[in-house]
Structures are given as C-alpha cells and as structure tokens.
Amino acid sequence: MIYTRNLKKLYKSREVETMALINVNIDIDEGEFVAVAGPAGSGKSSLFNILGLLDTPDSGEVFFMGKECSRLSQNKRISLRRGNIGYMFKDFNLVDELSVYNNIELPLLYMPYSRKDRQKMVSEILYKFKLDHKRNNYPEELTRLQQQTVGLARATVYNPKLILADEPAGSLDSTGGGMIFELISSVNEAGTTVIFFTNSISEAQRASRIIRLFDGHIVTEAIQKEI
Ligand SMILES: Nc1ncnc2c1ncn2[C@@H]1O[C@H](COP(=O)(O)OP(=O)(O)OP(=O)(O)O)[C@@H](O)[C@H]1O
C-alpha cells in the first residue's frame with residue numbers, strides 16, 4: 001500500500017539545520033492498522049506529511065499504490081491523494097462557519113460526485129457515526145469527541161484506501177479517546193488501511209503494529225497482536 005526507502009527530511013533555518021527524518025524505511029500493507037509512536041520532536045508530523053503526500057522528502061523514495069511520489073509535482077500529488085487518502089488532524093481542523101453536514105461534504109465537492117451522490121454519502125456516514133441529530137449544528141456546538149467524530153467522518157466519507165490520523169485522541173479525555181479509537185478500528189475492519197501517530201504508548205498499543213520513532217530514526221518495530 002505504502003512504503004518508503006531511505007527517507008530524509010531536513011529543515012534549514014539561518015542558524016540551524018534539523019534532521020527530522022533519517023533513513024526511514026517503512027512498509028505498510030493494505031488493510032494494516034499501524035501506530036507510529038514517538039516523543040515530541042521525533043519526526044511524526046514530518047512523516048505524516050510525507051506519507052500523506054502533503055510534503056516531499058529531501059531524499060529517499062515514497063511509494064503509494066505502486067507509484068513513486070517523492071518527486072511528483074504538487075498537482076500530481078494532489079490528484080493522487082484526492083479520494084485515496086483521508087486525513088484526521090489533532091485539532092480537528094473543522095471549518096467553524098460550516099455545519100456538520102457541510103464539513104463532511106467538503107472533500108466531496110472536489111471529486112466528481114453529483115449532488116445526489118453527495119447527499120447519500122454524507123447521510124450514510126452521519127447515520128453510521130450516530131451524528132445524524134447534529135447534522136445542522138456548527139462545530140462550536142459540539143463536544144470535543146463529536147468534533148473529532150466529524151473529523152473522522154470527513155476523512156472517511158469518500159471511502160479512501162488509507163487514513164492518516166495525527167494524534168486522533170490528543171485533545172480528548174481517556175473515555176473520548178477510547179471511543180474515537182473504536183470508530184477508527186471499525187473503519188479499519190471495513191478494509192481501510194490506517195496509520196495513526198501518537199506520543200502515547202498506551203494509545204499505540206491499540207494498533208496491530210507499532211513503528212517507533214526517536215530523533216528521526218526508526219527504533220524498533222513490534223508486532224503487537226495477530227491481525
Ligand atoms: N518547519 C520546520 N522548521 C524547522 N524545524 C522543524 C520544522 N518542522 C519540524 N522541525 C523540527 O524537526 C524535528 C521533528 O519535528 P516533527 O514536528 O516532525 O516531530 P513530532 O514528533 O511531530 O513532534 P510534535 O509531537 O512536537 O509535533 C523537530 O526537531 C522539530 O523542531
């Protein structure tokens with residue numbers, strides 16, 4: 001599904017150079033549920049952005065669905081990720097001015113779906129995630145768990161092949177975190193590959209496999225349980 005070869009990411013400012021990723025090699029198969037775990041500054045966001053085709057490495061390669069993407073133009077990366085990759089962000093990233101329904105519909109507006117198809121897709125996911133009664137509410141009227149559930153609904157409404165989630169429970173209490181991980185697991189069980197990024201080992205243990213990052217390196221990989 002997605003794999004990398006000798007990824008390097010370097011940030012340069014006038015005074016300092018930071019190696020955010022150093023020779024990162026990962027292989028993720030279709031249908032896997034993988035956690036990338038590491039402390040602050042270990043390179044998780046850099047890897048999220050590169051695996052999500054939002055950014056490119058300074059060297060090394062990224063293969064997504066059989067295609068090498070590290071040197072693709074921005075437009076080509078946009079068309080490859082559109083419909084294929086769903087993103088969940090730590091701070092939800094919902095549009096405050098849009099209702100729950102319109103937030104979830106938003107990515108579909110950039111894809112070739114008719115209005116009728118969009119209505120069907122959004123209604124189905126609202127029902128599935130038990131958000132139907134909130135369809136006309138705005139983000140500020142929701143609990144944090146409901147906001148993150150809308151974030152997951154928006155990431156999955158077009159049935160992407162891969163979901164990338166950056167600290168999906170980072171803004172939630174442990175009960176809310178447990179509930180969002182149950183929903184993410186259900187999306188994975190339905191066939192979507194999931195990679196989530198976390199600084200919490202107990203959260204990482206919800207995955208089938210943990211990839212540990214430390215100072216831009218992969219430290220160990222552990223199979224947690226049979227898939
Ligand atoms: N735009 C940038 N300019 C300069 N340095 C950066 C930039 N982005 C990240 N870094 C540095 O690269 C390293 C890896 O950062 P990254 O954000 O990928 O790690 P992280 O594990 O996601 O951390 P956090 O959990 O704090 O978000 C850190 O040392 C960070 O300070």
Side-chain angles (χ1 to χ4, degrees), residues 31-37 44-45 48-49 51-52 54 81-111 113 115 117-208 210:
E32 275 204 277
F33 187 27
V34 174
V36 176
K44 301 182 300 297
S45 301
F48 176 98
N49 290 333
L51 293 180
L54 299 167
R81 66 191 191 226
R82 187 171 290 157
N84 289 319
I85 305 180
Y87 305 88
M88 269 182 93
F89 299 98
K90 187 168 26 181
D91 301 318
F92 318 130
N93 257 22
L94 302 178
V95 181
D96 293 338
E97 296 74 24
L98 295 181
S99 67
V100 163
Y101 182 98
N102 291 131
N103 261 288
I104 297 172
E105 186 192 32
L106 196 56
L108 302 178
L109 299 176
Y110 299 92
M111 299 175 201
Y113 292 111
R115 188 183 168 83
D117 283 345
R118 295 199 305 270
Q119 279 172 348
K120 185 166 178 284
M121 292 162 89
V122 177
S123 296
E124 276 176 11
I125 204 111
L126 282 167
Y127 177 76
K128 184 171 161 195
F129 288 167
K130 301 189 172 61
L131 282 170
D132 210 25
H133 62 300
K134 295 287 179 190
R135 60 165 53 216
N136 296 320
N137 287 93
Y138 286 82
E140 64 174 16
E141 298 167 327
L142 306 178
T143 64
R144 298 177 81 76
L145 173 60
Q146 286 166 338
Q147 289 182 38
Q148 190 55 305
T149 308
V150 174
L152 178 61
R154 183 184 55 186
T156 53
V157 66
Y158 45 90
N159 203 17
K161 295 188 168 46
L162 171 67
I163 296 243
L164 291 170
D166 191 10
E167 303 203 14
S171 310
L172 303 176
D173 62 21
S174 63
T175 309
M179 290 168 90
I180 206 77
F181 273 112
E182 273 180 32
L183 288 176
I184 295 173
S185 296
S186 72
V187 171
N188 171 251
E189 279 158 20
T192 306
T193 308
V194 174
I195 309 172
F196 68 91
F197 296 73
T198 180
N199 56 22
S200 153
I201 284 301
S202 64
E203 280 178 14
Q205 282 165 345
R206 293 177 179 275
S208 306
I210 301 176

Asker: Looking at every heavy atom in both Gln147 and Leu142, which two are closest together, and how far apart are they?
Answerer: NE2-O, 3.3 Å
Asker: Considering non-hydrogen atoms only, spot the tightest contact between Ile180 and Ala169 and give its length.
Answerer: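 Looking at all heavy atoms of both residues, the closest pair is CG2-CB, 4.2 Å.
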Asker: Indicate the atoms forming the closest heavy-atom contact of Ala37 with Ile210, along with that distance.
Answerer: CB-CG2, 4.1 Å
Asker: Got Glu203 and Glu167 here, is their nearest side-chain heavy-atom distance under 4.5 Å?
Answerer: no
Asker: Ile201 versus Gln205: any side-chain heavy-atom pair under 4.5 Å?
Answerer: yes
Asker: Please answer whether the main-chain N or O of Asn159 pairs with a side-chain N or O of Thr192 as donor and acceptor at a distance below 3.5 Å.
Answerer: no
Asker: Look up atom CD in Glu105 and atom CG in Leu98, then write down how far apart they are to the nearest 0.5 Å.
Answerer: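 If I round to the nearest 0.5 Å, the distance is 9.5 Å.
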Asker: Would a 4.5 Å heavy-atom cut-off, applied to side chains only, mark Val100 and Ile104 as touching?
Answerer: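 Heavy-atom side-chain distance check passes, below 4.5 Å.
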Asker: Can any side-chain N or O of Tyr158 pair as donor or acceptor with the backbone N or O of Ile85 at less than 3.5 Å?
Answerer: yes
Asker: Please work out whether the ring planes of Phe196 and Phe33 are parallel, tilted or perpendicular, with thresholds of 30° and 60°.
Answerer: tilted
Asker: Looking only at heavy atoms, what is the nearest atom pair of Phe89 and Gln148, with distance?
Answerer: O-NE2, 3.3 Å
Asker: Does the side chain of Tyr127 come within less than 4.5 Å of Arg135's, by heavy atoms?
Answerer: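 Not touching, per the 4.5 Å side-chain cut-off.
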Asker: Quick check against the 3.5 Å criterion: does Glu140 have a side-chain atom that pairs as donor or acceptor with the backbone of Asp96?
Answerer: no
Asker: Counting distance only, does the side-chain N/O of Glu124 pair as donor-acceptor with the main-chain N or O of Met121 below 3.5 Å?
Answerer: no
Asker: For the residue pair Met88 and Ile184, what are the closest heavy atoms and their distance?
Answerer: SD-CD1, 4.0 Å
Asker: Would you say Arg154's side chain and Leu106's backbone share a donor-acceptor pair under 3.5 angstrom?
Answerer: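 Side chain of Arg154 to backbone of Leu106: no pair is present.
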Asker: So, does Tyr110 use its side chain to make a donor-acceptor pair with the main chain of Arg82 at under 3.5 Å?
Answerer: no
Asker: Is the closest side-chain heavy-atom distance between Ile195 and Phe48 below 4.5 Å?
Answerer: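 No - every pair of side-chain heavy atoms lies 4.5 Å or more apart.
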Asker: If I compare all heavy atoms of Ser171 with all of Asp91, which pair ends up nearest, and what's the gap?
Answerer: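 Closest pair (atom of Ser171, atom of Asp91, distance): OG-OD1, 3.8 Å.
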Asker: Any side-chain to backbone donor/acceptor pair from Asn188 onto Glu32? Under 3.5 Å, distance only.
Answerer: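 At least one qualifying donor-acceptor pair exists.
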